[in-house]
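Numbers restart at 1 for each chain; the letters A, B, ... are given by sequence-line order, proteins then strands.
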Amino acid sequence: MPVFGLIDGNSFYCSCERAFKPSIQKKPVVVLSNNDGCSIARTAEAKALGVKMGEPYHVCKERPELSDVVWFSSNYVLYGDLSRRFYLSLAERLPKVEPYSIDEMFIDLSGFDDVAGLCALLRSEVMRVAKIPTCIGWGPTKTLAKLANAIAKKHTELNGLCDLTNEQTRKNWLDRLDIDEVWGLGKQNCAKLHKLGVRTIADFVALPPEHVQKLLSVVGKRLQLELKGQSCLSFADMETNKKSIATTKSFGRVVTQWKEMREVIATYATRAAEKLRAEGLQAGYLSVFIHTNRHSGDPYYSNQRGAVIEPTYDTAVLITESIRLLKPLWKNGYRYYKAGIILNDLSCLSNQSDLFSTYDKEKSGTLMQVLDDINARYGRGTLRPSSTALRPSWGARSAMRSPRYTTHLDEIVKARSW
DNA sequence: TCTGGGGTCCTAGGACCC
DNA sequence: TCTGGGGTCCTAGGACCC
């Protein structure tokens with residue numbers, strides 16, 4: 001029988017910040033979203049003080065009881081690098097590790113005699129190598145592993161481990177836990193189920209499957225089977241490619257001029273193209289959106305447009321197409337606050353020139369390779385299209401970003417300051 | 001002044017085809 | 001009076017996740 005495990009980092013972004021700052025080990029720590037907009041990671045101490053997930057920073061700042069909180073702008077370069085170390089320390093000891101997000105991985109624990117002993121070892125290794133405290137849950141399906149992990153996190157007396165392979169143990173928990181603990185049952189679905197009087201996970205599991213499918217589609221039906229111990233979600237094939245690549249960001253200040261918006265879109269398209277090439281992919285569908293801020297009281301306007309394009313990974317082509325899509329979206333007089341580019345219909349790139357191609361793919365490939373090589377060596381933005389901005393005035397704020405300790409030599413930890 | 005960014009999967013409905 | 005049906009592809013939008 002397969003055993004699925006889920007390991008995840010506790011308050012991952014905060015733990016990354018703590019890894020290089022012993023002075024904040026016991027302090028309440030919060031990491032903020034892009035643009036220092038709202039809270040996205042909180043330590044237990046910060047949660048105890050009442051900092052909510054997604055709470056705006058400008059509101060938190062005014063609360064006197066939060067004066068001791070240590071705030072950080074997000075530092076994705078640092079978190080990404082520690083996530084890589086986290087992954088490597090697991091991959092060294094396990095046959096299959098499937099990263100699910102930056103801070104959690106599914107692991108294959110099938111066939112081990114002492115799973116609890118192994119998991120305790122994995123936790124201490126991740127702590128040693130990446131300085132990240134973790135929890136591990138496991139069971140016969142992914143959904144149960146995820147649930148076990150949530151239990152381990154909440155119940156500190158379990159020492160970070162929770163085993164749901166035993167049917168009786170499982171039943172005890174399912175009787176006690178509310179349906180909103182289930183991975184995949186969100187607000188809307190829980191509301192539907194509450195209307196039917198379904199409260200606990202055991203209640204949900206007891207519903208007739210046809211009934212569940214009618215209410216929650218095949219997703220709900222699958223969830224129910226998974227909770228019963230019948231595995232429907234297998235380990236993902238690591239070869240499977242991404243379905244979409246996006247660069248969507250709010251600005252550090254509102255944008256009101258067409259000239260600036262054109263620069264935004266060119267910059268985002270350039271970044272999206274870099275991500276695309278880093279994955280060895282090309283895109284066959286491109287969409288662009290812009291909107292104003294719906295919270296600010298400004299007149300709200302939001303629009304989006306997409307188009308099928310000849311599959312490409314070429315920055316210049318993607319910029320041209322993006323600007324073409326942007327033109328009909330633009331309306332003078334609005335205070336724009338966010339824009340984005342989304343690439344879809346991704347396929348592995350081929351260098352063979354298409355018979356009907358309107359541009360020279362071989363030449364484009366060479367040029368992009370040179371561009372990426374130079375930027376890899378000398379830093380992103382060393383070589384860039386003239387329509388883009390390197391440090392634009394509309395760029396995001398991140399006043400409280402910690403040093404990128406592990407990836408930038410000039411930002412390395414100082415053992416002693418002179 | 002100030003409320004994230006980047007993903008996945010599923011469904012419905014229109015266009016088009018024979 | 002009676003005016004097909006079934007299939008595919010594309011796109012938009014909803015719900016969910018971290």
Side-chain angles (χ1 to χ4, degrees), chain A residues 6 8-13 30-42 51-62 71-74 76 79-80 83 99-106 142-143 146 149-150 153 179-193 213-223 232-233 236 240-254 268 271-272 275-276 279 284-287 289 291-298 302-308 335 337-346 394 396-399:
Chain A
L6 183 81
D8 84 330
N10 304 342
S11 313
F12 184 72
Y13 295 171
V30 176
V31 172
L32 301 170
S33 66
N34 180 50
N35 240 342
D36 298 339
C38 62
S39 100
I40 51 169
R42 308 153 294 154
V51 181
K52 300 268 177 329
M53 185 68 172
E55 198 171 349
Y57 175 55
H58 68 94
V59 172
C60 296
K61 227 171 27 182
E62 304 305 322
W71 308 92
F72 286 96
S73 303
S74 34
Y76 289 105
Y79 312 151
S83 174
Y100 173 66
S101 73
I102 193 164
D103 73 324
E104 58 193 300
M105 336 242 161
F106 283 104
K142 278 189 167 178
T143 305
K146 190 84 178 147
N149 177 277
K153 227 183 293 179
I179 43 170
D180 62 15
E181 300 279 346
V182 175
W183 177 48
L185 288 182
K187 248 178 138 179
Q188 307 292 322
N189 288 342
C190 284
K192 282 186 199 169
L193 290 165
Q213 173 152 12
K214 215 169 165 192
L215 196 70
L216 308 178
S217 85
V218 298
V219 180
K221 192 175 116 177
R222 205 162 51 203
L223 268 179
C232 306
L233 305 167
T240 50
N241 282 323
K242 290 194 176 188
K243 305 280 190 297
S244 69
I245 285 178
T247 299
T248 73
K249 278 200 252 298
S250 46
F251 316 134
R253 60 159 171 81
V254 290
Y268 288 7
R271 182 69 196 118
K275 293 187 202 172
L276 195 57
E279 301 270 347
Y285 191 88
L286 166 69
S287 53
F289 71 82
H291 61 80
T292 63
N293 188 345
R294 65 170 87 238
H295 305 290
S296 67
D298 288 342
S302 168
N303 209 345
Q304 165 270 330
R305 187 172 280 229
V308 173
R335 294 163 53 78
Y337 122 109
K338 185 173 179 176
I341 302 269
I342 303 167
L343 303 173
N344 281 297
D345 187 18
L346 307 181
W394 45 261
R397 296 177 299 267
S398 64

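Across all strands, A:V59 comes closer than 4.0 Å to no nucleic acid atom at all (heavy-atom distances). Using a 4.0 Å heavy-atom cutoff across all strands shown, A:N293 reaches sugar-phosphate atoms only and no base atom. Contacts of A:L185 with the nucleic acid, taken as non-hydrogen atoms under 4.0 Å apart, involve only primed sugar atoms and P, OP1 or OP2. At the heavy-atom level, A:N35 lies nowhere under 4.0 Å from the strands shown. No engagement by A:V31 is indicated, since no non-hydrogen atom pair under 4.0 Å with the nucleic acid exists. The residue A:D103 sits close only to the backbone: its heavy atoms come under 4.0 Å of sugar-phosphate atoms, none of a base. Counting non-hydrogen atoms under 4.0 angstrom, A:I102 reaches nothing in the nucleic acid. Residue-level contact check: A:Y100 touches the backbone only, with heavy atoms under 4.0 Å from sugar-phosphate atoms and none from bases. Looking at heavy-atom distances under 4.0 Å, A:K221 makes no contact with the nucleic acid at all. Within 4.0 Å of A:E104, counting heavy atoms only, lie sugar-phosphate atoms of the nucleic acid but no base atom. Note on A:T247: only backbone sugar-phosphate atoms sit closer than 4.0 angstrom, heavy atoms only; bases stay farther off.
Whole-Å rounding puts the A:F289 CZ to C:dT11 P distance at 18 Å. Spacing between atom OH of A:Y76 and atom C1' of B:dG7 amounts to 13 Å, rounded to whole angstrom units. Residue A:N34 contributes atom CG, which lies 14 Å from atom P of B:dG7 at whole-angstrom precision. Taking atom CG of residue A:L216 and atom P of nucleotide C:dG14, one finds them 18 Å apart after rounding to whole Å. What separates NE2 of A:H291 from P of B:dT3 is a distance of 11 Å, to the nearest Å. Distance OH (A:Y79) to P (B:dG5): 15 Å, rounded to an integer number of Å. As a whole-Å value, the separation of A:E55 CD from B:dG4 C1' is 15 Å. Straight-line distance from the CZ atom of A:F251 to the P atom of B:dG5: 10 Å, rounded to whole Å.
Here the side chain of A:Y285 is nearest to one of B:dT8, B:dC10, C:dT11, namely C:dT11. Taking only side-chain atoms of A:N189, from C-beta outward, the nucleotide of B:dG6, C:dC16, B:dC2 with the closest atom is C:dC16. Looking at the side chain of A:H295, the nearest of the listed nucleotides B:dT3, C:dC18, B:dC10 is B:dT3. Looking at the side chain of A:Y337, the nearest of the listed nucleotides B:dC10, C:dA12, B:dT3 is B:dT3. Looking at the side chain of A:C38, the nearest of the listed nucleotides C:dC18, B:dG5, B:dT3 is B:dT3. Distance from the side chain of A:V218 is smallest to B:dT11 among C:dA15, B:dC2, B:dT11. Set against C:dA12, C:dT11, B:dG6, the side chain of A:A246 has B:dG6 as its closest nucleotide. Looking at the side chain of A:I40, the nearest of the listed nucleotides C:dC16, B:dG4, B:dG5 is B:dG4. For A:R222, the side-chain atoms get nearest to B:dC9 when compared with the rest of B:dC9, B:dG4, B:dC2. Taking only side-chain atoms of A:S217, from C-beta outward, the nucleotide of C:dC17, B:dT3, B:dC10 with the closest atom is B:dC10.
Interatomic distance, OG1 of A:T248 versus OH of A:Y268, reported as 8.0 Å (0.5 Å rounding). A distance of 4.5 Å separates CZ of A:R335 from CG of A:D298, quoted to the nearest 0.5 Å. The distance from the CD1 atom of A:I341 to the CD1 atom of A:I245 is 12.5 Å, given to the nearest 0.5 Å. Going from atom NZ of A:K52 over to atom SG of A:C38 covers 14.0 Å, rounded to the nearest 0.5 Å. Separation of atoms OG (A:S398) and CZ (A:F72) is listed at 13.0 Å; rounding is to 0.5 Å.
When each of A:V219 and A:K61 is assigned the nucleotide of DNA chain B with its nearest heavy atom, A:K61 is the one assigned upstream, toward the 5' end. Take the nearest nucleotide of DNA chain B for A:K243 and for A:R335: the residue whose nucleotide is more 5' is A:R335.
The aromatic rings of A:H291 and A:Y337 sit tilted relative to each other, their planes meeting at an angle between 30° and 60°. Using the six-membered ring where Trp is involved, A:F106 and A:W183 have ring planes that are tilted, between 30° and 60° apart.
Tested against A:S73, the residues A:L32, A:D36, A:N34, A:V31 include a single side-chain contact (heavy atoms from CB on, under 4.5 Å) partner, A:D36.
Taking 4.0 angstrom as the limit, A:K275 places a side-chain polar atom (N or O) nearer than this to OP1 or OP2 of B:dG6. Taking only side-chain nitrogens and oxygens, A:S244 comes nearer than 4.0 Å to OP1 or OP2 of B:dT8. Distances shorter than 4.0 Å separate none of the side-chain N or O atoms of A:K52 from OP1 or OP2 on B:dT3. Contact annotation: A:S250 does not reach the phosphate of B:dT3 (side-chain N/O to OP1 or OP2, under 4.0 Å). Side-chain N/O atoms of A:K187 include none lying less than 4.0 angstrom from OP1 or OP2 on C:dA15. The shortest distance between the side-chain N/O atoms of A:K146 and the OP1/OP2 oxygens of C:dC18 is below 4.0 Å.
With a cut-off of 3.5 Å on both Watson-Crick or G-U wobble distances, the partner of B:dC18 is given as C:dG5.
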